[in-house]
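Here's the structure we're looking at; comments come further down.
Numbers restart at 1 for each chain; the letters A, B, ... are given by sequence-line order, proteins then strands.
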Amino acid sequence: GDSVTQMEGPVTLSEEAFLTINCTYTATGYPSLFWYVQYPGEGLQLLLKATKADDKGSNKGFEATYRKETTSFHLEKGSVQVSDSAVYFCALSITGGFKTIFGAGTRLFVKA
Amino acid sequence: DTGVSQNPRHKITKRGQNVTFRCDPISEHNRLYWYRQTLGQGPEFLTYFQNEAQLEKSRLLSDRFSAERPKGSFSTLEIQRTEQGDSAMYLCASSPSGGGAGTEAFFGQGTRLTVV
């Protein structure tokens, strides 16, 4: 079945460090890919998305590129801030479907 | 619009009791979803409504669970005869219809259920 696998956390970085959170997927159809973020005490919110191969989603300095050949959608940021501390979820949605399938989440801690 | 609203935010109940949660989606959104999230895991799909019609239910949704969206606006999720394994965060999300698979779902803050 359709699934998402992302790197286990927690990930602990110092401020201004480079961030990569790996995400790979398995899908029977042609998915759209998402990164959602959950800040402490808040609900899930969309960070970025890509709907077709080679698309790059970007927002708030975060980027992820839809790589069909490697079935990946890795999240990157060049310089993290303390305010980026949160749980990050990679997710997919299949064309013609209606539900979103999430990975287990990766908790990020950024130290000042 | 203040986004997706869920009530209550927290619920503690004794095993065997029934509980009901409410979700108010973003007003113009036709699609409404319920998810369950346990500690250290991502949200798992439970059920989906298009307007008032419940179009899909996950195998995770046992007979003790029922969801309704009577007028295509707010939705309720009821759990009967709660068990300790039902302890989780229950998330509601909504989205507009017609946007395809790339449509963003907007999530509420969730209802945290603890069964003791």
Side-chain angles (χ1 to χ4, degrees), chain A residues 1-10 21 23-25 27-53 55-57 59 64 66 73 86-107, chain B residues 2-7 9-10 23-26 29-51 53-61 67 88-112:
Chain A
D2 303 325
S3 65
V4 175
T5 302
Q6 59 183 108
M7 65 187 285
E8 290 187 20
I21 300 177
C23 171
T24 58
Y25 67 88
T28 52
Y30 193 2
S32 293
L33 302 175
F34 306 84
W35 278 99
Y36 280 83
V37 60
Q38 189 169 34
Y39 298 104
E42 298 185 16
L44 278 166
Q45 54 187 273
L46 181 69
L47 180 60
L48 54 84
K49 70 178 184 183
T51 58
K52 60 182 187 295
D55 268 3
K56 177 185 285 188
N59 186 26
Y66 189 141
F73 192 55
V87 182
Y88 292 82
F89 294 91
C90 186
L92 67 83
S93 180
I94 299 297
T95 301
F98 43 79
K99 64 182 177 183
T100 304
I101 297 168
F102 289 85
T106 303
R107 183 175 295 277
Chain B
T2 56
V4 178
S5 177
Q6 292 189 245
N7 289 288
R9 293 290 308 279
H10 303 274
C23 172
D24 288 273
I26 294 172
H29 285 181
N30 299 51
R31 296 180 175 179
L32 186 145
Y33 315 82
W34 285 99
Y35 288 82
R36 181 171 67 188
Q37 185 179 17
T38 53
L39 198 62
Q41 298 299 315
E44 296 174 293
F45 171 79
L46 292 179
T47 190
Y48 157 68
F49 289 86
Q50 173 82 26
N51 298 313
Q54 188 175 19
L55 298 184
E56 181 69 16
K57 291 171 60 174
S58 164
R59 291 190 304 273
L60 294 174
L61 216 63
M89 178 75 85
Y90 290 84
L91 300 172
C92 178
S94 69
S95 68
S97 60
T103 303
E104 173 185 358
F106 293 80
F107 283 81
Q109 291 184 286
T111 295
R112 182 170 295 284

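- In this structure A:Gln38 satisfies the side chain to side chain donor-acceptor pair (under 3.5 Å) test with no other residue, sequence neighbours excluded.
- In terms of heavy-atom pairs under 4.5 Å with chain B, the best-connected choice from A:Cys90, A:Ala104, A:Gly103 is A:Ala104.
- When each of A:Leu46, A:Leu33, A:Leu92, A:Val4 is checked for heavy-atom pairs under 4.5 Å with chain B, A:Leu46 comes out on top.
- A 4.5 Å side-chain heavy-atom check between B:Glu104 and A:Tyr36 finds at least one atom pair inside the cut-off.
- In this structure, the portion of B:Leu91 lying under 4.5 Å from any heavy atom of chain A is its side chain and not its backbone.
- When the side chain to side chain donor-acceptor pair (under 3.5 Å) test is applied to A:Glu42, the partners found at least two apart in sequence or on another chain are A:Gln45.
- Atom OG1 in A:Thr100 sits 13.5 Å away from atom CD in B:Glu44 (nearest 0.5 Å).
- Your options are A:Gly105, A:Gly43, A:Ala50, A:Ala91, and the one with the most heavy-atom pairs under 4.5 Å with chain B is A:Gly43.
- Ring centroid separation for the pair B:Tyr35 and A:Phe102 comes in under the 6.0 Å cut-off.
- Proximity to chain A (any heavy atom under 4.5 Å) is restricted, for B:Gln37, to the side chain, taken from C-beta onward.
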